[in-house]
Amino acid sequence: MTDYKNTLNLPDTPFPMRGDLAKREPGWIEQWQQKKLYQRIRAACAGRPKFVLHDGPPYANGDIHIGHAINKILKDIVVKSKTLAGFDAPYVPGWDCHGMPIEIQIEKKHGKNIPVEQTQKLARAYADEQIERQRKDFIRLGVLGDWDHPYKTMAFRNEADEIRVLGKLLEKGYVYRGLKPVNWCFDCGSALAEAEVEYQDREDFAIDVGFPLADEDRGKLAQAFGLPKLPEGPAYAVIWTTTPWTIPSNQALNVHPEFDYALVATERGTLLVAAELSAACLARWALQGKPLGSSKGQALERIRFRHPFYDRYSSIYPGDYVTLDQGTGIVHSAPAYGVDDYTICKRYGMKDEEILTPVQGDGRFGASLEFFGGLSIWKANPLIVDKLKEVGTLFHAGKFMHSYMHCWRHRSPIIYRATTQWFAGMDRKPNGGGPTLREAALAAIEVTQFFPGWGKQRLHNMIANRPDWTLSRQRQWGVPMPFFQHKETGEPHPRTAEILEQVAQRVEREGIEAWQRVSAEELLGTDAANYVKSKDTLDVWFDSGSTHQTVMGGPNGAKESIGSHPTQFPADLYLEGSDQHRGWFHSSLLVSCMLHGGAPYRSLLTHGFVVDGTGRKMSKSLGNTIVPQEVSSKLGAEILRLWVAATDYSAELGISDEILKRVVEAYRRIRNTLRFLLANLADYDHTQHALPAAQWLEIDRYAVAFTQALQESVIEDYRRYDFHIVVQKLQQFCSEELGAFYLDILKDRLYTSGENSKARRAAQNALHHITHSLTRLMAPIMSFTAEEVWSIWRAVPDDSVFLHTWYVLPEIDGAAGLQERWTRLRAIRASVQKQLETLRADGQIGSSLAAEVTLYANGEQLPFLQSFGDDLRFVLITSQARVASGSTPQAIPSEVADVAVQATPSEQPKCVRCWHYRADVGGDATHPEICGRCVANLCGDGEPRTYA
RNA sequence: UUUUCCAUGGCUCAGUGGGUAGAGCAAUCGGCUUAUAACCGAUCGGUCGCGGGUUCGAAUCCCGCUGGAAAAGCCA
């Protein structure tokens, strides 16, 4: 028996079936870096229309987690797909470097009381280390970008420009000074962040204090309770508090607008308390009471009481925060020392300058405070209780154990304290008129495009409801607000604008450390004695929120010093996790609106967070975390990329071992399809073997036509950032269109026709185009694999798929007709396969080539099927396919109207070469084992083929 | 608690202006041994989170509930 196997043109390729991704990816990355691929892409794209994705800077602390990976991979897919689509799409990664988490790291490592400049120096070095670690991991994901020239918010130039931005905003009139309650530690002499607050048990006084009703408002109170008049004698609103030291700062009383309040007659006078608590209160005060009436809290609005020992009013301001857990249902309000107190008093129109702030930064009352001046608040506590007793308004005093805020450094109790801060006003009219910041920002949202659409609503709500932006922080590792404030008035120095620029210049040379080194005398001369140098820093959100100016250069165009590439303003896209509606999307919008009156981006894309397979968020305590480094080293970054792309990022992204397993399977399917394509193109040289499409077989034209349709729709999906649809389509394309249909049918022709026959070259010609199209379509997602494919056929040594654009497939005449015609045939083919399956199940055939079919067709199906001639059997992959009119009892009606299928095992001998069962096997005496067409393909002119 | 969003077969996703659900993968069974730790075929599988309502008719519109995610920090 002659071995005909080596007369076949079997597939051959160095492209391995297994990707071995984890091991081989680092090699590709190294090549990209060595050959300066990113720079070469920039050169190749020069002059094209720009697409600028401005990178939202990750925080330079900690190794990257899966959320970082998602974000960077999505950005990479966007940038690469825009590049393939013919844009010049630079990507300059950035890092956010200032801020408390780093400050805390430094404190943990080096102790808690180091000088500011030292902290800054250490923080700077620490941030650089972190950036290095993160950069390595980001690069490992296959993300292409200018990794050698990233932007950092701690770059001197960036720090300096940020001070300049601040100066601009001040000049434009958006920035003002005002009060705000913050967590305050007397030992630190500074505000604390939530992360620096610890809770410990502490015993305090718990006192009930009566606020006497103002004589002028006796009528009003009576009226609120529907009484003609109040009983004779004093009347009190009784409050309960655990902080007697706040009593001197009391300026209001809060009740809940919805609660019922009772007026109770007792031997100590008429008392106002919450109805629900009155019994408990009377018991505590050892009083008998007679209810006089009841009223909603809202009705008590603005009724005036008097401070127990100072000569001033304290009015009732209803507020939702009041509860009935403890106390009397009436809360005393010291706006300088409580957040709720502050907001309610402000809501009732209290001005900052009216708010009493007797407690100084060191915890002592100011000297001018009557009775308690100069005392620390803790020392004053019992004296205040005594004073209340003395004036006769103390109803009860006890001790109370509760969990109280303490400083994590000093373990000492801390308080809320209203301090002077700098704000960006949402509703101020800027100098020179124009819309307020809120108006400008809301208008900017209207003209921004959101992916997905709901982001618009979300950002809108936040901007519409947010309070003024507190710009100042009492922190060390941050960009200074280099102000000098007058010792008496607190007003900034009249030459502030000029001073800011002087400081900016120094910071540009020496970094923010320069502000520590500069003295008031240097900048103010003889004025220095009257001014205090501010220790405030800018909110870190201001750092990243102004990168459109400090990095991108704003509307006046690019600067080369930080970003290494020219850019444009506004950016085409900001792409971040959904939390950034409150974060970077938000802060960038505000800064840009103040600076330029509009958003710094044309569109926003947002993605959800990672959750595990059951939809729960990842946490170390749940033990359901998956880290990108591990996926990269076990399965390959390509798998992570494919997972990101395949998942609908508009909601949460689920990941688990099973999900990754499915992704690996999908990957293998696509990879093997590519392998088959490459293997069958091994001997094809497009420059020599290409044929005009008119000379191909019909199925080849159809294949290129459906590839064209796929390509168009995928390009559109990329344009809409619907990457999971892209993956879905690519996978289905490989499985259905190619694997189960075109390639399956093509095997016979590729393997058995003459190597250089027109029939075979036509097939390869089509495959060549399909492979080009497919490789580029997958490249933004499966970058490593696409590059691997590219390396096999690239002519130029340093070529890369990323130096090209979407493939231009040849025009196929009558593509629409072909699609329609073959879709129809494929439906019939499917029903044939069902028939073959029953034969197979019956043991009558194995391979479909062991069968012959007759299709009984009526109506227009008859000429339709006949139109494929003898090639129909190749489409059906049977050894014989006849078309007949009418019907026969043996034929089974198919799912297609007017077509019945009769399938039988072939009785012909099997050709050992092509495996078809044909009557003409042995027709040539010199080749007794093979069929006629094999003889023709081997020795003659080759078989004629027209359709498939 | 408030705001925004999500919930379709084991997994990932489709489902167009409402007309009683589709695909790929997996699973099961079978075939091939010329893509071979690959490939082909067939089969199985969903009361579209739950409960109401609108409608002749709802996965699709409305309300409520449950579960989940993000935000409401001198956290990024």
Side-chain angles (χ1 to χ4, degrees), chain A residues 4-5 8-11 13 17-18 57-62 96 98-102 104 180 182-183 190-197 421 452 454-455 457-462 465-466 470 472-475 478 536-537 539-541 544 577-584 586 606 608-611 613-617 643 646-648 650-654 656 658-659 661-663 665-666 668-669 672-673 675-677 679-680 724-725 727-729 731-732 734-736 739-740 743-744 747-748 750-752 830 833-834 836-838 840-841 843 845-850 877 913-915:
Chain A
Y4 285 101
K5 190 163 171 177
L8 297 170
N9 311 299
L10 292 180
T13 179
M17 191 156 79
R18 294 273 174 161
Y59 192 67
N61 185 31
D96 199 4
H98 301 296
M100 199 183 65
I102 289 178
I104 286 183
K180 193 195 177 194
V182 296
N183 292 315
S190 147
L192 297 185
E194 194 69 28
E196 297 170 305
V197 176
Q421 302 294 343
W454 52 258
Q457 178 81 26
R458 189 166 171 184
L459 191 55
H460 179 100
N461 288 351
M462 285 176 171
N465 298 323
R466 70 154 296 148
T470 314
S472 49
R473 295 291 129 94
Q474 287 70 50
R475 297 265 123 221
D536 290 352
T537 57
D539 177 8
V540 273
W541 282 113
S544 55
S578 63
D579 58 334
Q580 298 302 328
H581 285 95
R582 190 44 136 186
W584 195 52
H586 192 110
T606 195
F609 278 64
V610 199
V611 294
T614 64
R616 278 174 202 285
K617 71 170 149 196
W643 166 72
T647 308
D648 178 2
S650 69
E652 299 93 68
L653 294 88
S656 65
E658 179 181 357
I659 291 168
K661 206 164 127 193
R662 291 289 103 81
V663 175
E665 275 149 7
R668 281 218 264 269
R669 179 41 138 142
N672 267 311
T673 304
R675 178 165 189 264
F676 181 87
L677 292 169
N680 283 287
H724 66 289
I725 306 291
V727 174
Q728 203 101 143
K729 281 178 182 166
Q731 198 186 347
Q732 262 180 66
C734 288
S735 294
E736 292 295 293
L743 300 184
D744 203 25
K747 282 178 200 169
D748 177 82
L750 287 167
Y751 299 167
T752 69
Q833 283 174 327
K834 266 185 196 150
L836 294 177
E837 189 59 24
T838 61
R840 194 174 285 135
I845 59 164
S847 156
S848 62
L849 283 175
I877 319 187
R913 184 169 177 272
C914 73
W915 297 349

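Values below: all heavy atoms of this structure, side chains included; hydrogens, waters and symmetry mates excluded. First the proteins, then the strands, lettered A, B, ... as listed; each starts at 1.
B/rC29 is paired with B/rG41 under the Watson-Crick or G-U wobble criterion, all donor-acceptor distances under 3.5 Å. Of all nucleotides present, only B/rC13 satisfies the Watson-Crick or G-U wobble test against B/rG22, with each distance under 3.5 Å.
Within 4.0 Å (heavy atoms only), A/Gln731 reaches sugar-phosphate atoms of the nucleic acid but no base atom.
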Subject >> Criterion side chain to side chain donor-acceptor pair (under 3.5 Å) on A/His586 and A/Arg466, from CA distance to verdict >> reply: CA-CA 10 Å; A/His586 192 110; A/Arg466 70 154 296 148; 3.0 Å; yes

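For the OP1/OP2 pair of B/rA76 and a distance below 4.0 Å, the side-chain nitrogens and oxygens of A/His98 include no atom meeting the criterion. For B/rC39, the OP1/OP2 oxygens have a side-chain nitrogen or oxygen of A/Arg669 closer than 4.0 Å. Contact annotation: A/Trp541 reaches the phosphate of B/rA76 (side-chain N/O to OP1 or OP2, under 4.0 Å).
Judged by distance alone with a 3.5 Å cut-off, no donor-acceptor contact links the side chain of A/Trp584 to the base of B/rA76. You won't find any donor-acceptor pair under 3.5 Å spanning the side chain of A/Glu194 and the base of B/rG73, going by distance alone. For a distance-only test at 3.5 Å, the side chain of A/Lys747 qualifies as a donor-acceptor partner of the base of B/rA35.
Taking the charged nitrogens against the carboxylate oxygens, A/Lys661 and A/Glu658 have no contact shorter than 4.0 Å, which rules out a salt bridge.
Checking B/rG41, B/rC32, B/rG24 against the side-chain heavy atoms of A/Ser847 singles out B/rC32 as nearest. The A/Arg616 side chain lies nearest to B/rG67 when the options are B/rU3, B/rA71, B/rG67.
Atom OG1 in A/Thr673 sits 9.5 Å away from atom CD in A/Gln731 (nearest 0.5 Å).
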